[in-house]
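Before any comments, here is the structure.
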Amino acid sequence: MTPKSLQSPSRLPEMDPAIWSRLPEELLEHVLSCLPLKTFLNLRSTCKHFKSLMFSPSFMSKHTTRGSHFSSFLLLSHPQFYQQFPLYDSIMGSWRHLALSLSFLLPVTGSNGGSPSCSLLSSSNGLFCFSLPSSNSFLVCNFLAKSSRIVEFPSYPFAFESLAFVSMPFGYKIFVLCSKFSSNSVFVYDSKVHSWQKFDRFEPILGDNYRQEGVFFNGSLYFTTSEPFSIACFDLESGRWERLDNELPGDLTFVRLVSDGENKLYLIGGVGRNGISRSMKLWELGDGRNWIEVESLPEMMCKKFVSVCYHNYERVYCFWHQGMICICCYTWPEILYCKVSRRTWHWLPKCPSLPEKWSCGFRWFSFVPELYATV
């Protein structure tokens with residue numbers, strides 16, 4: 001008689017459903033968390049429970065501790081989606097039918113029990129920062145952990161032109177530039193001490209180009225100034241401003257900065273004359289503090305992007321997302337992005353749930369779910 005150990009796979013007894021259907025849920029999640037990401041993604045369509053695990057904090061924590069990453073998303077904020085945020089799955093390369101909702105995280109106000117109006121301002125490492133003007137506060141939240149915190153404005157009235165939100169291993173900081181009612185000052189909120197600190201005027205450094213969001217790199221926030229273009233930085237610990245003396249590429253019509261969050265700083269700029277971009281290029285800051293050209297946008301893509309902007313580059317903003325540099329325009333529902341490792345350029349398609357009569361106001365954000373990002 002052939003020993004069981006020598007039986008062929010076709011002769012092995014089938015798994016008894018009466019036994020395996022009673023497998024404890026936590027043990028099933030443990031087994032699934034050991035699977036490679038791509039394998040698990042293929043299993044999502046087999047049942048609703050497997051699909052729901054993508055947004056289960058307990059399952060996410062098990063999988064991420066094994067050094068694997070779940071889906072990362074590009075999140076769209078638009079006035080026509082009130083407190084709803086469509087998601088583009090950048091790993092699967094498709095729009096999700098599910099949209100994130102902010103309603104369960106907002107404080108209830110007013111006699112009718114309604115939620116206050118809000119505006120999504122920034123994101124960082126799984127955290128989002130909203131403005132709640134009617135409550136004179138910011139809202140910091142973690143969608144995955146379903147946690148949030150109200151951060152009151154440092155003063156009242158409080159008008160600000162630019163905000164940078166930086167998540168760190170043990171907290172986060174909110175950096176705000178104010179030109180009205182605050183004598184061109186900087187305010188920085190530190191979540192570790194739950195308080196604001198005010199710093200000196202910024203006008204001599206940034207001039208009138210203070211509406212652009214700062215880019216976090218090596219402990220400082222980096223900004224580009226108005227023409228003649230230059231780069232300034234603000235040290236988040238000391239509160240000191242500094243203007244960099246390295247020379248920028250020539251014939252720039254506009255410039256934007258992007259950091260990978262670790263050790264690389266990139267510059268995206270239009271190249272041309274008299275404010276008209278004839279090409280767009282990407283540079284990386286080298287070890288000698290000089291700008292090294294990395295890639296140039298293909299001509300046809302450049303023509304489309306320039307026509308989208310109508311040469312009004314104040315509408316252009318950029319951010320980093322999982323190895324991609326995303327270049328966006330407030331008036332256009334698509335994203336132009338560069339896969340840095342492959343040096344290839346692509347267009348992200350329009351959100352299918354966006355109404356046909358869409359208008360300006362498109363704001364895109366990087367969303368990489370992080371269970372342990374604390375508010």
Side-chain angles (χ1 to χ4, degrees), residues 55 57 72-88 98-110 112-168 171-178 180 182 186-192 194-196 211-216 221 317 319-321 326 328 330 351 360-375:
F55 292 94
S72 60
F73 306 95
L74 290 167
L75 179 146
L76 173 60
S77 172
H78 190 270
Q80 290 174 272
F81 296 124
Y82 180 67
Q83 295 184 15
Q84 297 285 328
F85 306 99
L87 297 174
Y88 180 82
L98 173 70
L100 290 181
S101 174
L102 183 66
S103 57
F104 71 94
L105 291 173
L106 285 173
V108 177
T109 60
N112 60 354
S115 298
S117 61
C118 64
S119 176
L120 179 53
L121 301 176
S122 187
S123 67
S124 180
N125 296 334
L127 295 181
F128 290 90
C129 182
F130 293 82
S131 173
L132 304 176
S134 61
S135 303
N136 299 313
S137 61
F138 297 110
L139 174 73
V140 178
C141 71
N142 183 331
F143 280 113
L144 181 61
K146 296 184 178 181
S147 58
S148 62
R149 176 183 293 275
I150 295 292
V151 178
E152 294 184 356
F153 289 163
S155 62
Y156 182 81
F158 187 67
F160 59 93
E161 282 71 34
S162 178
L163 177 143
F165 180 62
V166 181
S167 176
M168 299 176 175
Y172 55 86
K173 292 191 177 184
I174 304 174
F175 168 97
V176 185
L177 290 176
C178 306
K180 297 178 182 179
S182 305
V186 169
F187 291 87
V188 178
Y189 176 84
D190 189 338
S191 67
K192 290 187 291 185
H194 302 297
S195 66
W196 291 92
R211 291 178 177 83
Q212 183 189 154
E213 183 173 340
V215 174
F216 184 67
L221 286 172
Y317 60 100
F319 61 90
W320 178 270
H321 175 76
C326 301
C328 315
Y330 293 114
C351 175
C360 62
F362 299 96
R363 291 292 309 275
W364 296 87
F365 301 88
S366 172
F367 176 35
V368 182
E370 175 56 62
L371 179 65
Y372 298 108
T374 57
V375 300

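Quantities reported herein were computed from a predicted structural model and do not represent experimental measurements. One-based numbering along the sequence shown.
- A search for ring pair (Phe, Tyr, Trp, His ring centres under 6.0 Å) contacts involving Phe319 returns nothing, not counting sequence neighbours.
- Between Phe216 and Phe175 there is no side-chain heavy-atom pair separated by less than 4.5 Å.
- Counting only heavy atoms from C-beta outward, the side chains of Leu75 and Ser123 never approach each other to under 4.5 Å.
- Gln84 pairs by the side chain to side chain contact (heavy atoms under 4.5 Å, CB included) definition with Phe81, Ala99, Ser101, not counting sequence neighbours.
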With side chain to side chain contact (heavy atoms under 4.5 Å, CB included) as the test, would you mind laying out the steps for Val186 and Leu177 before giving the verdict? CA-CA 5 Å; Val186 169; Leu177 290 176; 3.4 Å; yes
Given side chain to side chain contact (heavy atoms under 4.5 Å, CB included), test Ser135 with Ile150 step by step and report yes or no. CA-CA 9 Å; Ser135 303; Ile150 295 292; over 6 Å; no
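- A donor-acceptor pair under 3.5 Å is absent between the side-chain atoms of Asn142 and the main chain of Thr374, judged by distance alone.
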I would like to know whether Ser119 and Leu121 meet side chain to side chain contact (heavy atoms under 4.5 Å, CB included); could you show each step before the answer? CA-CA 6 Å; Ser119 176; Leu121 301 176; 4.0 Å; yes
Can you list the steps and then say if His194 with Tyr189 is a side chain to side chain contact (heavy atoms under 4.5 Å, CB included)? CA-CA 7 Å; His194 302 297; Tyr189 176 84; 3.2 Å; yes
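- Under the side chain to side chain contact (heavy atoms under 4.5 Å, CB included) criterion, Ser77 pairs with Phe85, Leu120, Arg363, Phe365, sequence neighbours left out.
- Nearest heavy-atom pair across Ser148 and Cys141 is CB-CB, 3.8 Å.
- Partners of Ser366 under the side chain to side chain donor-acceptor pair (under 3.5 Å) rule, at least two apart in sequence or in another chain, are His321.
- The side-chain heavy atoms of Trp320 and Val215, taken from C-beta on, include no pair separated by under 4.5 Å.
- Evaluated for a side chain to side chain contact (heavy atoms under 4.5 Å, CB included) with Tyr172, the options Asp190, Asn125, Val140, Val166 yield exactly one hit, Val140.
- Phe73 has its side chain within reach of Pro369: a pair of non-hydrogen atoms, C-beta onward, lies under 4.5 Å apart.
- For the residue pair Ser167 and Leu127, the shortest heavy atom distance occurs at OG-CD1, 3.9 Å.
- Rounded to the nearest 0.5 Å, atoms CG (Leu76) and SG (Cys328) are 9.5 Å apart.
- Looking at residues two or more places apart in sequence or on another chain, you find a ring pair (Phe, Tyr, Trp, His ring centres under 6.0 Å) between Tyr317 and Tyr330.
- Contact of the Met168 side chain with the Lys192 side chain is not registered, since no non-hydrogen atoms from C-beta on lie closer than 4.5 Å.
- Closest non-hydrogen pair, Val375 versus Ser147, comes out as CG2-OG, 3.9 Å.
- Atom SG of Cys129 is separated from atom NZ of Lys173 by 15.0 Å, given to the nearest 0.5 angstrom.
- Residues forming a ring pair (Phe, Tyr, Trp, His ring centres under 6.0 Å) with Phe362 (at least two apart in sequence, or on another chain): His78, Trp358.
- For the pair Leu139/Cys118, no side-chain contact is recorded, criterion being any heavy-atom separation below 4.5 Å from C-beta on.
- Residues satisfying the ring pair (Phe, Tyr, Trp, His ring centres under 6.0 Å) test with Phe160, not counting sequence neighbours, are Phe138, Phe158.
- Checked against the 6.0 Å centroid threshold, Phe153 and Phe187 do not count as a close aromatic pair.
- Under the side chain to side chain donor-acceptor pair (under 3.5 Å) criterion, Ser122 pairs with Glu213, not counting sequence neighbours.
- Once rounded to the nearest 0.5 Å, the distance linking CD of Glu161 with SG of Cys178 reads 7.0 Å.
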